[in-house]
Amino acid sequence: MRVSRLMLVTLRDDPAEAEIPSHKLLLRAGYIRRLAPGIYAYLPLMWRVLRKVSQVVREEMERTGALETLLPQLQPAELWQRSGRWAGYTDGEGIMFHLEDRQGRQLGLGPTHEEVITALAGDLLRSYRQLPVNLYQIQTKFRDEIRPRFGLMRGREFIMKDAYSFHADEDSLRETYAAMDGAYRRIFARCGLRAVAVEADSGAIGGSASQEFMVTAEAGEDLILTSPDGQYAANQERAVSLAPAATPLAGGALADGQGEPLSTPRQTSIEALSAAHGFLPCQVVKVLLLVARFEQGLEQPVLVSLRGDQQLNEVKLANALAARFGQTHGALLALAPLSEEGLIREGLQCLPFGFLGPQLDDRVLAGARQWQPTFLRFRDHTAASLETFVCGANSPDEHLVGATWAGLGQNPETLDLRSAQPGDRCHHDPAQTLEARRGIEVGHIFQLGRKYSTAMEARFATEAGGEEPFWMGCYGIGVSRLAQAAVEQHHDGNGICWPLAIAPYEVIVVPANVADDQQRNLAERLYDELGNAGVDVLLDDRPERAGVKFKDSELIGIPWRVVVGRGAADGRVELVERQGGGSEELAAGSLLEQLVPRIQAQRCGLSEG
RNA sequence: CGGGGCGUAGCGCAGCUUGGUAGCGCGGAUGCUUUGGGAGCAUUAGGUCGCAGGUUCGAAUCCUGUCGCCCCGACCA
């Protein structure tokens, strides 16, 4: 391809709309253009990158025996009602774009394809003899993100590879899950990305085991916690750890564990309380009130007790709530702090926020309009294991000292509800402490189990002659996100440094001065030879000054540059590697034998081949 | 939705406080010079100042409303 014909429009200034390096660079280098928030045009260079990434994905999926397919993006609501996800995905903060056709039928624009594929599988897969099957597709997905941002990182329209596997039993599912784990590691390595596999929360997709693949980068939206020995890595949403030990409260239990009142005027925060009376935050039990709203109308107040120095992990709490009520009340639609406005709306008295204790009486909810009249009570292990503690007295400006769980007459269900923090000790080896890194989630694999196949009555005939729902797995890769993550991980002050395996072109031939016949002719000849050797090659034939062409070639990130300049008369050219900027002069005649083997090696990315 | 910010030429911005009829850099076009690190000179095209009201002799500038976009939080490949 000739650069003069490439519709290349590069920008000298950073566009105001972009914040992170990869987003700025993709805009500046002419890879993408924004059409609306979260909606981008992939310009010709970007499309080549996306096709290369897709090709790597395809090859590795095919290698595991997966079948490529292409499923409808326009999906009937009825299908989603059968799985029970229509309401959760369209109401409230649902992310599915949905619409009504002229017949008044409800349709959704596919954010994911579990429903469609499960319906198909139920139709086509009749016998255990046909299993296992793994189907995948690469296509545009639609999600009405609350806040699209960072270019392709979180778009409302994006390219995703999604795969769905069907199995006769759980062992077969685990086998495919492991095969996908391996395929994913190869895909990211081949694309030249340093990625970390971490334990993850299953989120709205549901299911049991799940693992995310994170490209480590400063701009990552996720916080991941890893142990230095590499044995443990998890998304913070999911991470577990050992909390620091608590210091026993001096004085022990007071008033038979009911605690002695302590005047604590305006000391509404743990910090103020501790500072005023010489307590440590780990000696205090703090109480958080929330309200959980479920699909079928249930609004359940929740009282969570945590040790004062710990943070609530809302994902863990949401999972506990979904596990308890999902069957009977549908999806958890919202989980929000119980607020003063909420109390007023319910016609209830205001509560002494800042002075709440776990013994808060259910009577404060009596007469509520929508809410259930009793709290669902949980406590974190760290709070449960305190022998004696300080807590709110449930009246303004008063706390209790020397309280015990028995003394307060409380014994709420004990769960892991705390957020693991960097510096915490690890479960597998308390000598290891968690380290924090930021990551961009580029892949996620799930063992779904039988959630969808049961809901949608997708069954197969077993060897014994019975009928059972399929065991299912699903496996996603954000293809467009991966491409941008590659830029985030591979750039410098001059622009993008594409890993060669996914670069739009592998080599750019730059005649320093196209007005010079010798330079132009030699450049043309090398361009032809490289093309004939199967190399993706660009020729910068624009009548620009050399400096402009060098800058552009670096900005757009072509891995190799062949400069045909002053040396052209003697048949000499300069070979420059984008990554690192190393350059060498060599005879034009030996360019192919020097360069082609290196390109072939780099096409394998970080992997051995 | 809550909190912050911004809408002026294709892109990046100034002008607004203190109203006087729109400017700078980059980019585009033409010509000459230059030619290995985003060239110089000259000429030139391009803007209902987001939109709608209002105040005023006069509004990019002041007032009211409205729309859009960006950033921080909840969502996720």
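Convention: sequence-line order gives letters A, B, ...; per-chain numbering from 1.
- The aromatic rings of A/H444 and A/F446 lie parallel to each other, their planes meeting at an angle below 30°, with 60° marking the opposite boundary.
- A/R561 comes within 4.0 angstrom of a nucleotide base, judged by non-hydrogen atoms across all strands.
- In this entry B/C76 has no Watson-Crick or G-U wobble partner, no candidate having both defining distances under 3.5 Å.
- The residue A/P111 sits apart from the nucleic acid: no heavy atom pair falls under 4.0 Å.
- Checking B/G25 for Watson-Crick or G-U wobble geometry (two distances, each under 3.5 Å) identifies B/C11 as its partner.
- Across all strands shown, A/G565 has heavy atoms under 4.0 Å from base atoms, whether or not it also approaches the sugar-phosphate.
- Note on A/R33: nothing from the nucleic acid sits closer than 4.0 angstrom, heavy atoms only.
- A/I159 comes within contact range of no nucleotide atom at all, as no heavy-atom separation falls under 4.0 Å.
- Using a 4.0 Å heavy-atom distance criterion, A/T10 is classed as a base contact.
- B/G68 and B/C6 make up a base pair, with Watson-Crick or G-U wobble contacts both under 3.5 Å.
- A donor-acceptor contact under 3.5 Å links the side chain of A/R481 to the base of B/C76.
- Base contact: A/E145 has a heavy atom under 4.0 Å from a base atom.
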